[in-house]
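Data first, discussion second: the structure below is written as structure tokens.
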Amino acid sequence: MLHRRRFLQLGSLGLTSFSFAGFRSAGAARKPIVISTWDTGIAANAAAWQVLRNGGRALDAVEKGVMVTEASQNCCVGLGANPDRDGFVTLDSCIMDEHANCGSVAFLERIKHPVSVARRVMEKTPHVMLVGSGAQQFAVAEGFPLEPQVLSPEADKAYKNWLLKSEYKPVINIENSKNQTAYAPTRFENGEWNHDTIGMVAMDAQGNLSGSCTTSGMGFKMRGRLGDSPIIGAGLFVDNEVGAATATGQGEDVIRICGSHLVVELMRQGHSPENACKKAVERIIRIKGNKAKDIQVGFIAINKQGEYGGYCIQKGFNFAVCYADDKNFLVDGKYIL
Ligand code: GLY
């Protein structure tokens, strides 16, 4: 399962060499554990791990973790990300805990941490989802500052480049087609792609599961477009009896199969996290037929035993796994096409 691991040094992320966890007696679940999508997951996992290693709740870990990515100006998540085709950054996020409590915000503008607003929706309202100006109004009422409506320098450059053709041809995260910069939602900088989404799932020392997912969505998308990331069951699903899963990539195709819910249900039927992710990817490929080669979708999952796995449509997806002070590493997702 753990093929082609690339272990990364954690010193630069401020983690100590103090060994707390990662110890497992035979048959015991590996916990705590946190996994998240893409290489940006390394820094996010490191923040989540600080919560988990101190006995904190998985819910707090998955919020703190993805906040790191949301705050990054050089990433396609958060306010530094690519705008929609009208030039506005709109953010989607959701969070879910071990009691099936969940909260979500979508089409949210000018708020730095949509995942924290999603958590407030979960904890302070009788609802699950708030969108658009209503979500923003709620965030401001809850004390979240309204940030200036300006594009980051990188997003401004990418948007101006896109405007040259203004061609609406959304394609998402196909790393092996690096000539697609005119439309791509991701940015190619310093030899690295930045990705559209971070999804994170975790199990704490008490054995409870939680997850979060946050994104700016497809770059240069139609105004008002939502993907899978704010939709419970599509971009994220947690069942404390079974496991948790999250998704990245072309949201429309994740929604079509209720992807993350499907992965958890497959784990309930006895599939390993990796095999459950693979079966969900196969279902998308079956539906898409020839068009599957034009898209990327990746799933990651953990189960109650602390086993983890991921699968994607095509080469280029990876995810970050952390279960000890000195174990925060990238795993290349296995792929089908
Ligand atoms: N997976 C992110 C999106 O499609 O918006």
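The residues of the chain are indexed from 1 along the displayed sequence. In each ligand, atom 1 is the first atom listed, and ligand 1 is the first ligand listed.
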Point-to-point distance, once rounded to the nearest 0.5 Å, from CD of E63 to OG of S116 | 3.5 Å
S229: numbered ligand 1 atoms lying under 4.0 Å from its heavy atoms | 1 (N), 2 (C)
Going by the atom numbers of ligand 1, which of them fall below 4.0 Å from some non-hydrogen atom of T197?
-> 1 (N), 2 (C)
For ligand 1, which atoms have a heavy atom of G217 less than 4.0 angstrom away?
-> 5 (O)
Do NZ/NE/NH1/NH2 and the carboxylate oxygens of R119 and D60 come within less than 4.0 Å?
-> yes
Using a cut-off of 6.0 Å, state whether more than 12 heavy atoms not belonging to K288 lie near its atom NZ.
-> yes
Give the atoms of ligand 1, by number and element, whose distance to some non-hydrogen atom of G249 is under 4.0 Å.
-> 1 (N), 2 (C), 3 (C), 4 (O)
If we only count N/O pairs under 3.5 Å, is G251 in contact with ligand 1?
-> yes
For the pair N45 and S36, evaluate side chain to side chain donor-acceptor pair (under 3.5 Å) and give the outcome as yes or no after the intermediate values.
-> CA-CA 7 Å; N45 281 0; S36 55; 2.7 Å; yes
For F317 and W38, what are the C-alpha separation, side-chain angles and deciding distance, and is it a ring-ring contact (aromatic ring centres under 6.0 Å, His included)?
-> CA-CA 7 Å; F317 169 61; W38 303 111; 5.0 Å; yes
Heavy-atom distance under 4.5 Å between the side chains of R53 and P32, does that happen here?
-> no
May I ask you to check whether D228 has an N/O atom sitting below 3.5 Å from an N/O atom of ligand 1?
-> yes
Ligand 1 versus R225, non-hydrogen atoms closer than 4.0 Å: side chain, backbone, both, neither?
-> side chain
